[in-house]
Amino acid sequence: MSNLLPVLIVALVIALVAAVAVIGYRIALARRSQSTLLAPALLPNLAEEQVEDADGGLDSKSVIEDVLEEATKAEATRPDPLRLRDRLGRTRAAFAGALAGVSGRSSMDDDAWESLEEALISADVGVSTATRLVEAVRASAKTAKIKDGSEVEGLLRREIALLLSPADRTLQMAVSGPTVWMFVGVNGVGKTTTIAKLATREGAAGRHVVLAAADTFRAAAAEQLGIWAERSGATLVRGDEGADPGSVVFNAMASANSRGADLVLVDTAGRLHTKVNLMEELKKLRRIVDKTPDALTEVILVLDATTGQNGLTQAREFAAAVEVTGVALTKLDGTAKGGIVLAIQSELGIPVKIVGVGEGPEDLIPFDPEEFAAALFGE
Amino acid sequence: MFDSLSGRFDAIFTRMRGRGRLSDADIDEIAREIRLALLEADVNVRVVKDFISRIKERATGAEVAKSLTPAQQVIKIVHEELVATLGSTTVKLTMNPKPPTVVMLSGLQGSGKTTAAAKLARLLKSQGLQPLLVAADLQRPAAVEQLRVLGKRIDVPVFYAKEGSPQNAVDVALSAFDEAARLGRNVMIVDTAGRLQIDEALMDELVAVRDIVKPTNSLLVVDAMTGQEAVNIAVAFDQAIGLDGVILTKIDGDARGGAALSVKAVVGKPIIYVGTGETLEDFEPFHPDRMASRILGMGDVLSLIEKAEAAFSAEDAQAAEEKMRSGQFTLDDFLDQMQQVRKMGPIGNIMKMLPGVPKELKGAEVDESQLGRVEAIIRSMTAQERRDPSVINGSRRSRIAKGSGTSTQEVNALLKQFKTVQQMMKSMSQGKKPRLPIPGMPIR
């Protein structure tokens with residue numbers, strides 16, 4: 001039956017759309033006299049675009065130099081890197097503020113429990129995880145006959161620590177031959193920047209790094225990675241814009257094998273997890289890497305700390321497609337709390353492996369659950 | 001993007017429909033469910049609280065008690081409140097009586113400013129304006145390059161800092177006016193660097209750029225997937241540079257987009273545009289009423305009509321209507337219509353806009369490539385067969401299957417479906433409500 005479903009749907013859609021078109025036509029007739037509607041040309045002329053791209057060879061070299069210079073300047077003024085705890089200072093402040101109302105109480109009434117739950121929800125922990133946490137704390141508070149608000153805080157911290165219970169957070173290397181780490185995620189989460197930071201770190205550790213610019217969709221994505229390759233001394237493998245990302249990955253693997261590189265970092269195009277074709281493309285990229293057995297040791301889902309509950313869906317879908325091994329939590333230096341990682345680890349068992357807190361190459365720190373939990377509670 | 005939210009509401013209201021009147025306990029339950037649904041959709045905690053208290057107040061009031069269909073009445077109230085929260089009217093860009101009109105885009109890293117800038121330029125150009133893109137993002141490596149490539153694609157000039165000229169956002173903004181005058185452009189779209197709202201140095205730079213370009217429209221670009229943080233971001237940017245509105249990006253995912261509700265409610269700034277897809281055409285004005293309808297699973301017929309208008313010519317629509325009315329809808333027409341519908345975008349997106357489509361179908365993934373098989377089957381038929389499928393016998397069937405690389409079962413299924421479509425069209429054109437008589441169609 002699965003083959004027939006589209007027919008069924010199309011039949012229904014056509015029938016309704018035809019009706020709508022007729023209605024629309026009538027409405028349009030009626031109102032065309034009074035207004036000029038914006039009628040965007042809905043169908044892009046793809047062929048034309050391709051041609052334009054092909055001869056639109058911008059002078060990327062000089063652009064790279066321009067930007068390089070600018071970025072170096074920006075880096076020079078950057079303050080010393082901070083630790084996770086310091087970075088989470090603002091998070092802590094916001095959270096502590098919410099908890100302060102609780103810890104001042106001599107007894108916990110329903111309102112107090114609710115405000116505790118709301119504080120967790122405000123941190124993007126999610127309703128179900130927040131409810132579960134609060135219920136667990138409530139139960140243990142009852143058994144232990146704890147009524148004091150500040151003691152409740154201690155219980156909650158313990159529950160969060162339990163939730164983030166020990167997981168292997170090291171980025172694994174292959175036993176022999178080049179190691180491959182692949183980076184996936186939705187648009188704009190910071191995949192390229194995360195890769196750049198890792199390339200700098202691993203390069204400084206004496207590893208020969210190959211960067212595979214398999215994001216051939218976003219304009220100038222390869223240029224962005226190229227700038228970072230130049231800065232970190234990594235080798236860049238790229239294709240033209242609109243090229244098959246599979247070929248880029250294939251070439252990167254071949255290049256890494258022939259040069260005896262240690263590490264290949266694969267930058268993929270940002271894609272929404274709802275786009276079936278793009279997720280299929282991602283599976284294909286993984287298959288190409290998998291042709292070199294045991295090379296792929298990490299598939300990292302890059303997640304923006306400002307992401308809300310959709311982060312859980314993203315993790316679920318990307319995990320289903322390419323077996324995600326860990327999460328890189330980026331942009332944790334704002335006031336965003338990144339609480340969604342609690343839900344991701346508790347529901348999907350995918351641990352956070354990297355935390356990104358800035359734009360400089362040094363702004364990459366390993367995720368320490370104890371510190372994360374402690375930071376939330378102002379210790 | 002609001003699918004899951006409307007899904008939740010669907011479940012609540014389906015249960016409510018069976019009841020004649022609502023007790024206080026019912027209303028409490030509804031309020032609890034709505035609260036949960038909104039929180040799961042990332043609507044800000046404070047906004048949810050307000051929203052629920054308004055709903056509760058109105059749901060316990062006289063308008064519901066007097067109503068014969070209290071469930072319907074509650075739906076109406078929720079709908080009205082959603083519209084009110086999202087902003088009651090569609091807001092347009094303010095045009096500067098003395099050109100150029102300046103649109104300044106700001107936001108966090110990765111929210112989609114550069115893409116939104118190009119999409120907005122394309123939209124304004126299609127409306128007859130002459131936009132100039134200004135690349136004032138000098139932080140992210142290759143951001144300027146990205147804008148230049150996009151500008152080339154939509155044939156809109158891009159102003160950027162040439163080699164040797166000062167490489168900072170303020171200088172770029174300053175010289176952009178000369179360029180706009182030189183090229184005779186009447187709208188300037190300024191793409192700024194992504195920044196966190198707490199990064200003082202970059203926020204100061206943004207203020208400096210604002211002071212120079214004096215934007216007619218200062219727009220914050222917000223990712224639809226943003227969680228509770230959306231409100232903090234909007235408040236901070238509003239305090240720093242003053243906002244006139246919001247562009248909500250990436251709503252083509254399945255994020256429920258609570259950010260949209262929160263930002264308008266807390267900061268009072270309307271959402272003006274939404275980014276709806278990967279290509280540069282996927283950018284539309286934001287319609288709060290339509291969005292609210294979508295949240296409630298009431299379909300988005302107005303957007304659909306607009307899309308249909310763009311895809312179908314007036315003659316096409318008229319011809320289709322006549323064919324439908326006379327019941328002479330052939331497989332050729334079917335093929336034709338299918339291609340027209342595909343022009344309107346992915347079938348899945350169109351489905352979401354249709355009212356009354358069962359939830360099961362809305363969630364169904366439509367593999368567009370499968371439509372190619374349908375097309376192949378029809379194309380493997382002779383002209384006579386397409387006009388009158390009843391002549392298709394066993395040997396014709398296997399010929400068609402072979403010709404299209406499908407199976408006779410698939411050919412049979414298509415013919416059967418087509419027959420029901422024909423009947424449906426006939427009854428619709430006679431003003432009857434279609435009964436969706438397609439076998440196997442899940443109907444609630």
Side-chain angles (χ1 to χ4, degrees), chain A residues 3-4 6-11 13-25 27-28 38-40 42-44 49 52 56 58 60 62-63 66-67 70-71 74 118 121-122 124 127 187-190 219-220 223-224 227 272 274 276 304 306-310 313 331 333-336, chain B residues 36 39-40 42 45 110-112 126-127 138 141-142 145-146 148-150 152-153 163 167 196 198 225-229 232 250 252-255 279 281 304-305 308-312 314 317 320-321 324 337-338 341 343 347 350 354 365-366 370-371 374 410 413-414 417 421 424-425 428 438:
Chain A
N3 274 345
L4 305 179
V7 182
L8 219 135
I9 293 174
V10 169
V13 169
I14 286 177
L16 290 170
V17 165
V20 166
V22 172
I23 299 165
Y25 167 63
I27 294 176
L38 46 129
L42 277 168
L43 194 68
E49 268 177 28
E52 274 181 17
L58 293 160
S60 58
S62 77
V63 174
D66 289 356
V67 184
E70 188 59 33
E118 275 174 8
I121 292 169
S122 292
D124 286 322
V127 180
N187 318 62
V189 286
E223 276 74 14
Q224 189 182 345
I227 291 163
L272 292 174
T274 50
V276 179
D304 184 329
T306 59
T307 309
Q309 297 313 297
N310 193 245
T313 321
K331 309 180 203 171
D333 41 350
T335 50
Chain B
L36 192 61
L39 284 176
E40 279 185 356
D42 291 321
V45 176
S111 53
S126 76
Q127 292 171 346
L138 298 166
E145 168 85 358
Q146 185 184 351
R148 284 171 68 191
V149 172
L150 294 175
K152 205 165 175 53
R153 221 179 272 179
E163 218 173 332
Q167 298 283 328
L196 290 165
I198 50 158
M225 291 175 278
T226 312
Q228 297 284 330
E229 183 70 359
N232 297 338
K250 305 178 210 169
D252 48 331
D254 57 359
T279 65
E281 290 76 21
L304 185 62
I305 287 178
E309 266 179 16
F312 289 78
E321 189 189 7
M324 276 167 58
Q337 296 267 311
M338 192 167 89
V341 169
K343 255 202 272 180
I347 301 283
I350 302 172
L354 286 172
E365 224 7 286
V366 184
Q370 287 288 344
L371 300 183
V374 175
E410 278 174 276
L414 174 68
Q417 303 294 347
V421 170
M424 243 164 79
M425 295 214 155
M428 273 164 80
I438 299 177

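Owing to the predicted nature of the structure, the values given are computational and were not obtained by experimental measurement. Throughout, a chain's letter reflects where its sequence line sits, starting with A, and its residues are numbered from 1.
B/A142 and A/I227 make their closest contact through N-CD1, 3.8 Å (heavy atoms, listed as atom of the first residue, atom of the second, distance). In terms of heavy atoms, B/R153 sits closest to A/A219 at NH2-CB, 4.3 Å. Here the shortest heavy-atom pairing between A/A220 and B/Q146 reads CB-N, 3.4 Å.
A/V127 touches chain B through its side chain: at least one heavy atom from C-beta onward sits under 4.5 Å away, while N, CA, C and O do not.
Rounded to the nearest 0.5 Å, atoms OG1 (A/T274) and NZ (B/K250) are 12.5 Å apart. A distance of 9.0 Å separates CD in A/Q309 from CG in B/L39, rounded to the nearest 0.5 Å. In this structure, the separation between CG on B/L196 and OG1 on A/T306 is 9.0 Å, given to the nearest 0.5 Å. Atom CD in A/E223 sits 10.0 Å away from atom CZ in B/R148 (nearest 0.5 Å).
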Inset, instruction - For A/D124 and B/D42, run side-chain contact (heavy atoms from CB on, under 4.5 Å): C-alpha distance rounded to whole Å, both residues' side-chain angles, the deciding distance at 0.1 Å, then the answer. - result: CA-CA 8 Å; A/D124 286 322; B/D42 291 321; 4.3 Å; yes

